[in-house]
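The structure under discussion appears below in the form of structure tokens.
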Amino acid sequence: MDKQVFNEESFNKEHLDKRYVDKIYSMLGLAMKAGKVVSGEFATDKNIKSQRAWLVIIPEDASNNTKKMFSNMCDFYKVPLHFFGTKETLGHAVGKSMRSSLAIIDEGFAKSLVKQLEQSVGQ
């Protein structure tokens with residue numbers, strides 16, 4: 001899977017297509033129920049380093065330190081990284097409280113989410 005990073009400059013909220021955004025949150029919930037999502041900084045970090053993560057999603061409102069840490073880590077381990085949503089909405093999508101990071105540990109879910117993420121920003 002090719003590495004594609006959408007940073008805050010390339011992510012333009014005006015171009016979000018609500019259909020795709022809703023699909024992304026629904027798919028995250030489904031992946032969570034299937035046990036294919038890990039959340040929180042420690043679990044995400046562990047799964048990236050053990051090369052189990054196929055996709056990492058960081059909320060746009062995460063701290064700069066968190067964004068930089070995961071950006072560098074994903075770059076080093078060649079894991080696709082996307083900045084999407086907010087801590088609250090990502091947490092709600094996976095049935096938890098606020099989340100500062102999510103890792104998708106299933107290739108099929110990851111590919112589908114990457115496709116939806118790209119379409120949501122008009123890529």
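Computation of the quantities below employed the complete heavy-atom set of this structure, encompassing side-chain atoms and omitting hydrogens, waters and symmetry-equivalent molecules. Owing to the predicted nature of the structure, the values given are computational and were not obtained by experimental measurement.
Listed here is the closest heavy atom pair of W54 and V79: C-CG1, 4.1 Å. Taking all atoms of both residues into account, the shortest heavy-atom contact from A93 to Y25 is CB-CD2, 3.7 Å. The shortest non-hydrogen separation linking K67 to E60 is NZ-O, 2.7 Å. Heavy atoms only, all atoms of each residue included: S100 and T66 are closest at O-CG2, 4.1 Å. Across every non-hydrogen atom of G108 and D106, the tightest pair is N-OD2, 3.1 Å.
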Step-by-step side chain to side chain contact (heavy atoms under 4.5 Å, CB included) determination, I48 to F70:
CA-CA 9 Å; I48 292 170; F70 281 111; 3.7 Å; yes

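Between atom NZ of residue K87 and atom OG of residue S63 there is a gap of 6.0 Å, rounded to the nearest 0.5 Å. If you take OG1 on T89 and CG on D61, they are separated by 7.5 Å, rounding to the nearest 0.5 Å. Atom CE of M69 sits about 9.5 Å away from atom SG of C74, to the nearest 0.5 Å. Interatomic distance, CD of Q119 versus NZ of K23, reported as 7.0 Å (0.5 Å rounding). Considering CG of L81 and CG of D75, their distance stands at 9.5 Å, rounded to 0.5 Å. Taken from CD1 in I58 to CZ in R99, the straight-line distance is 12.5 Å, to the nearest 0.5 Å.
Put simply, the side chain of T44 never gets that close to the backbone of S39: no donor and acceptor are under 3.5 Å apart. At distances below 3.5 Å, at least one donor-acceptor pair connects side-chain atoms of N47 with backbone N or O atoms of A43.
Using a 4.5 Å cut-off between side-chain heavy atoms of Ile, Leu, Val, Met, Phe, Trp and Tyr, with links allowed through other members, M98 and V38 fall into different hydrophobic clusters. Side-chain heavy atoms closer than 4.5 Å link hydrophobic residues (I, L, V, M, F, W, Y) into clusters, and following such links, even through other members, never connects I105 to V94. Grouping the Ile, Leu, Val, Met, Phe, Trp and Tyr side chains by contacts below 4.5 angstrom, directly or via other members, places L102 apart from F42. A continuous path of Ile, Leu, Val, Met, Phe, Trp and Tyr side chains, each step under 4.5 Å between heavy atoms, connects F109 with M32, placing both in one hydrophobic cluster.
Inter-residue side-chain proximity for M73 and K49 is flagged as met; some heavy-atom pair is nearer than 4.5 Å. No side-chain heavy atom of K111 sits less than 4.5 Å from a side-chain heavy atom of K115. Between I104 and L28, some side-chain heavy-atom pair lies under the 4.5 Å cut-off.
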